[in-house]
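Note sheet for the following structure.
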Amino acid sequence: MAERKYGVPAPETRTTVRSADWDSADLSGQTHEQVAFIDVDMTEATSRGAVFSECSFRDVRFNASVHTETAFLNCTFTRCTFFDATFAACKFVGSVFSDCTFDLLKVSGGDWSFAGLPGAALGGASFTDVRMREADLTGARCEGAALQRVDLSGAWLHGADLSRCDLRGSDLSSVDPLTVKLKDAVIDVRQAVTIAGLLGLEVRSD
């Protein structure tokens, strides 16, 4: 399981929901705190304004689900699937992901600061206008992903593969070009200047 940043232990859970069928369920407005969700089917579920605080999700299927302005705060996700899931203006602050799959995941807006995604296979995912300050993306495999206008300030990116990523508009101040793969990544002019500076190059206009 991925370790939480700064050695903070995962929250303990108090109740358990096991093998529940929440396929196509509307979870809008619900609040869950310190709940363990185990082998729960949330395929095509929807939510708006729901709150999951310090919950644990194990072997949960979020496939094709749609969530808007929902918060997953300091949660743990283990072996969960997010195929074609959509998260709009959602919060995943402090949440940690381990051995999850993210094919065709779509994230727009929201706050994923301090989230733990070490080694995550995000190649088919799309993040747009998302705050990911100090997120742990160590060794993340993001080949071909879209990370547009993402705030990656202070993010942990050592060993990450950003090859063929569309990074336009994102904060790349935490990217070390010597430890992060950037082959064929798409960047804008401002980012090119940032990368040149990180490489120790002097950029001149004349």
Side-chain angles (χ1 to χ4, degrees), residues 1-11 13 32-37 42 47 50-62 65-83 85-143 145-162 165 167 169-176 180:
M1 178 180 293
E3 295 184 359
R4 308 184 80 84
K5 291 189 69 173
Y6 312 118
V8 178
T13 55
H32 301 274
E33 184 174 356
Q34 292 183 296
V35 179
F37 296 92
M42 294 189 184
S47 73
V51 178
F52 296 85
S53 179
E54 299 190 338
C55 292
S56 173
F57 298 85
R58 284 185 285 172
D59 299 301
V60 174
R61 296 173 292 285
F62 290 90
S65 60
V66 178
H67 306 272
T68 305
E69 298 178 349
T70 289
F72 298 85
L73 305 175
N74 204 28
C75 294
T76 302
F77 299 84
T78 306
R79 296 185 305 276
C80 296
T81 58
F82 293 89
F83 176 78
T86 300
F87 295 91
C90 292
K91 294 183 178 180
F92 281 83
V93 177
S95 291
V96 175
F97 300 79
S98 181
D99 297 322
C100 298
T101 57
F102 304 94
D103 298 325
L104 301 182
L105 169 69
K106 294 178 287 295
V107 180
S108 60
D111 193 346
W112 290 54
S113 297
F114 306 102
L117 290 153
L122 298 171
S126 172
F127 289 78
T128 307
D129 299 308
V130 183
R131 175 178 287 187
M132 299 185 77
R133 292 183 178 180
E134 297 193 48
D136 185 356
L137 291 163
T138 305
R141 294 163 288 158
C142 306
E143 314 95 293
L147 297 170
Q148 294 181 296
R149 300 184 300 280
V150 175
D151 183 356
L152 291 168
S153 56
W156 297 9
L157 291 161
H158 185 84
D161 189 348
L162 303 180
C165 273
L167 300 169
S170 294
D171 183 332
L172 301 183
S173 59
S174 296
V175 171
D176 182 349
V180 175

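Keep in mind the model is a prediction, meaning the values are calculated, not measured.
- The shortest non-hydrogen separation linking E54 to T13 is O-CG2, 4.3 Å.
- Taking every heavy atom of both residues into account, V150 and S170 meet most closely at N-OG, 2.9 Å.
- Atom SG of C55 and atom NE2 of H32 lie 7.5 Å apart (nearest 0.5 Å).
- Between F37 and F57, the ring-plane angle classifies as parallel under the 30° and 60° cut-offs.
- In this structure, the separation between CD on E143 and SG on C165 is 7.5 Å, given to the nearest 0.5 Å.
- Taken to the nearest 0.5 Å, the CD atom of Q34 stands 7.5 Å off from the OG atom of S53.
- Here the OG atom belonging to S56 is positioned 11.5 Å from the CG atom belonging to N74, to the nearest 0.5 angstrom.
- Screening T101, D99, D59 against R79 for a side-chain hydrogen bond (donor to acceptor under 3.5 Å, both in side chains) leaves a single residue, D59.
- Side-chain atoms of L105 and F127, non-hydrogen and from C-beta on, do get closer than 4.5 Å to each other.
- Counting heavy atoms from C-beta on, the side chains of S174 and L157 come closer than 4.5 Å.
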Side chain to side chain donor-acceptor pair (under 3.5 Å) between D136 and T138, intermediate numbers included: CA-CA 6 Å; D136 185 356; T138 305; 2.6 Å; yes
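- Residue pairs meeting the salt bridge (charged side-chain N to carboxylate O under 4.0 Å, His left out) criterion with at least one partner in residues 118-132, sequence neighbours excluded, are D129-R149.
- Within a 6.0 Å sphere centred on NE2 of H158, heavy atoms belonging to other residues, nucleotides or ligands number 12 at most.
- The aromatic rings of F102 and F97 sit perpendicular, their planes meeting at an angle over 60°, well past the 30° parallel limit.
- Here the closest heavy-atom approach between residue S153 and residue S173 is recorded as CA-OG, 4.2 Å.
- Identified under the salt bridge (charged side-chain N to carboxylate O under 4.0 Å, His left out) test for residues 150-161, with sequence neighbours left out: R133-D151.
- A salt bridge is defined here as a Lys NZ or Arg NE, NH1 or NH2 lying under 4.0 Å from an Asp or Glu carboxylate O, and K91 with D111 fails to meet this definition.
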Chi angles and distances behind the side chain to side chain contact (heavy atoms under 4.5 Å, CB included) call for L167, V175: CA-CA 11 Å; L167 300 169; V175 171; over 6 Å; no
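- Between V35 and F52, the closest side-chain pair of non-hydrogen atoms is not below 4.5 Å.
- Residues W112 and V107 have side chains in contact (heavy-atom distance under 4.5 Å, counting atoms from C-beta outward).
- F77 contributes atom CZ, which lies 5.0 Å from atom OG of S95 (distance to the nearest 0.5 angstrom).
- Looking at L122 and L147, their side chains never come closer than 4.5 Å, going by heavy atoms from C-beta outward.
- Judged by distance alone, the side chains of T70 and S47 do bring a donor and an acceptor atom under 3.5 Å apart.
- By the 30° and 60° cut-offs, the orientation of the rings of F72 relative to F87 is perpendicular.
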